[in-house]
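For reference, the structure is listed below as structure tokens.
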Amino acid sequence: MESLMSAITAISSIHELSPSPVGGNTWASLESHYLELHQRTFDRPAPVRPAKPEYSPLPSAPDERSGRGFLGGWFETDAARTERQNENQRRWQLEVADVERENTLLKQRYEKQRVAWAEQYANWQFDAQEYNKNSALTAGVAREQFRSDARFFEDCLAEVLSQTEWPRETLVTFEVRPDASMVLLDIDLPEIEDMPDKMYGVNARGTDITEKTMTQKAVRESYARHVHGCLMRLAAIVFRTLPFEYVVLSGFTQRISKQTGYLEDEYILSCRIDRHHMEKINYTNLEDVDPIAVLSVQTLIRKMSATFLFQVIDPFTITAGTS
């Protein structure tokens, strides 16, 4: 029962896994890492050239005495000798064909491996040349590029997000805009149908597990806490990973359109959060924090009723050069 309830609690309390932005990566720590990356030598080993195969030697042709017994030379008839020699010749030809076929397969396999290795080696050489060329940047040039290198910041965030686990499937795409000190995230949220609709307990005697169906409002409230908690957790992850000032998060679900019959994205939450507000949260007491309230004091686009029914919204759109 404890495992069942903990799974339910993990969904409605997903925000409690939010890391504190305080004490995360700083401009100085990321710049140090950035300079280190540009000063490394290319250390990826070259692809190993495939070894040439060892071909099997062809079997020797049988001589006229092969297969003849000790007394065969005295008592073997001409017909028997001819039959024996023909049979020896037939077996030898089959053995030769088998060895030649095996050697041909070995050669073809080697040639394919050789072609694949040549392509891999050419790619390795190109990567090494490009890496060394890019690593030739002076420390001064690297420092100038650091704060505008969106690819570097995306790699940092992608690494963290790839290690982030969710109780329900939650897919995240994002864009980093260093010039605006902003990260934009699109979150494919779980559907409300994926939420648990049962509560579990123990009867008065403590002998059996009881199951109680949650009301529709309770399920919707759990879902609302979960989706708000997902956005809160992601904002905290971004602010801990990158020293940017703003995060724009837009969460959507997927529904079959009544107009087209196709699966379409329907946004239900869109929020712009600044670092200052996220750093004011007490991350040592997140069990008393309401993720719905956290997002409600931010710049928020949401159509949610008092009974936690969501309507479709138009999310934030941030054009280049704005913050």
Side-chain angles (χ1 to χ4, degrees), residues 10-21 24 150 153-177 180-196 219-242 244-257 262-275 277-278 281 286 289-304 308-319:
I11 293 172
S12 60
S13 302
I14 188 66
H15 69 285
E16 294 182 19
L17 298 177
S18 302
S20 172
F153 296 119
E154 288 172 355
D155 289 344
C156 292
L157 184 55
E159 181 179 359
V160 175
L161 292 178
S162 68
Q163 299 170 2
T164 303
E165 296 182 354
W166 301 92
R168 291 291 185 270
E169 184 178 39
T170 305
L171 305 177
V172 181
T173 58
F174 64 91
E175 176 188 352
V176 175
R177 295 188 180 176
S181 195
M182 178 184 293
V183 179
L184 291 79
L185 299 97
D186 254 21
I187 304 100
D188 185 354
L189 296 165
E191 315 300 326
I192 193 169
E193 291 81 5
D194 297 328
M195 295 294 105
V219 173
R220 293 197 300 270
E221 181 179 8
S222 175
Y223 181 70
R225 283 179 57 86
H226 180 71
V227 296
H228 284 78
C230 287
L231 268 62
M232 173 182 164
R233 184 188 183 195
L234 282 166
I237 289 172
V238 170
F239 285 133
R240 185 169 182 85
T241 306
L242 301 176
F244 289 4
E245 292 300 319
Y246 307 102
V247 176
V248 176
L249 309 102
S250 299
F252 64 90
T253 61
Q254 295 182 324
R255 298 288 182 186
I256 299 294
S257 170
Y262 289 106
L263 196 65
E264 294 184 356
D265 298 339
E266 293 187 348
Y267 285 87
I268 59 172
L269 277 176
S270 191
C271 187
R272 173 180 162 137
I273 304 178
D274 65 73
R275 172 179 290 275
H277 281 93
M278 289 296 291
I281 296 172
L286 288 177
V289 172
D290 182 356
I292 299 177
V294 170
L295 266 61
S296 296
V297 299
Q298 307 290 325
T299 306
L300 177 66
I301 301 176
R302 179 188 66 197
K303 294 180 181 178
M304 184 181 73
F308 308 103
L309 284 168
F310 286 96
Q311 294 183 38
V312 179
I313 62 164
D314 292 322
F316 281 107
T317 55
I318 308 296
T319 57

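Residues: numbered from 1 along the sequence shown. In this text, all values refer to a predicted model and were calculated from it rather than measured experimentally.
- Side chain to side chain, Y223 and D194 fail the donor-acceptor criterion of an N or O pair below 3.5 Å.
- Between the CD1 atom of I273 and the CG atom of L231 there is a distance of 6.5 Å, given to the nearest 0.5 Å.
- Taking the ring-ring contact (aromatic ring centres under 6.0 Å, His included) definition, one finds that F244 meets it with W27, F153, sequence neighbours left out.
- At distances below 3.5 Å, not a single donor-acceptor pair connects side-chain atoms of H277 with backbone N or O atoms of Q298.
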Query raised in the report: What's the verdict on side chain to side chain contact (heavy atoms under 4.5 Å, CB included) for D188 and F252, showing C-alpha distance, side-chain angles and the deciding distance?
Result: CA-CA 5 Å; D188 185 354; F252 64 90; 3.6 Å; yes

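- Counting all heavy atoms, side chain and backbone alike, P19 lies closest to A236 at O-CB, 3.2 Å.
- Taken to the nearest 0.5 Å, the CE atom of M232 stands 4.0 Å off from the OG atom of S18.
- Looking at H228 and V294, their side chains never come closer than 4.5 Å, going by heavy atoms from C-beta outward.
- A 4.5 Å side-chain heavy-atom check between T164 and T170 finds every atom pair outside the cut-off.
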Requested in this report: Carefully, step by step, assess L286 and I281 under the rule side chain to side chain contact (heavy atoms under 4.5 Å, CB included).
Outcome: CA-CA 8 Å; L286 288 177; I281 296 172; 3.9 Å; yes

Report task. Report the C-alpha separation of V312 and R255 in whole Å, then their side-chain angles, then the decisive distance to 0.1 Å, and conclude whether the side chain to side chain contact (heavy atoms under 4.5 Å, CB included) test is met. Result -> CA-CA 11 Å; V312 179; R255 298 288 182 186; over 6 Å; no

Query raised in the report: When you look at M304 and I292, which way does the side chain to side chain contact (heavy atoms under 4.5 Å, CB included) test go after all the steps?
Result: CA-CA 11 Å; M304 184 181 73; I292 299 177; 4.1 Å; yes

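- Within the cation-pi definition used here (under 6.0 Å to the ring centroid, within 45° of the axis), R302 does not qualify as a partner of F310.
- Of the possible polar contacts, one joining the S270 side chain to the F316 backbone as a donor-acceptor pair under 3.5 Å is found.
- Few gaps surround CD on E193; more than 12 heavy atoms of other groups in view lie less than 6.0 Å from it.
- R220 meets the salt bridge (Lys or Arg N to Asp or Glu O under 4.0 Å) test with no other residue; sequence neighbours excluded.
- R225 is not listed as a side-chain neighbour of I14, based on a closest heavy-atom distance of 4.5 Å or more.
- Distance check: L295 CG to I301 CD1 gives 12.0 Å after rounding to the nearest 0.5 Å.
- Nearest heavy atom pair, residue C156 against residue L242, reads CB-CD2, 4.2 Å.
- Atom OG1 of T173 sits about 8.0 Å away from atom CD1 of I187, to the nearest 0.5 Å.
- A heavy-atom distance below 4.5 Å is not found between the side chains of S181 and R275.
- Within the 4.5 Å cutoff, the side chain of Y267 has heavy atoms near those of the D186 side chain.
- Contact record, R177 with E175: NE-OE2, 3.0 Å, taken as the closest heavy-atom pair.
- Side chains of F174 and L234 form no contact here, defined as non-hydrogen atoms less than 4.5 Å apart.
- In this structure the side chain of V160 never reaches within 4.5 angstrom of the side chain of R240, judged on heavy atoms.
- The closest donor-acceptor contact from the side chain of E191 to the backbone of Q254 lies under 3.5 Å.
- Proximity of L300 to L269: side-chain heavy atoms (C-beta onward) are separated by under 4.5 Å at one or more points.
- Of the inter-residue distances, the one linking L249 atom CG with R233 atom CZ reads 13.5 Å to the nearest 0.5 angstrom.
- We find the CG-CG distance between D265 and L189 to be 10.5 Å, quoted to the nearest 0.5 Å.
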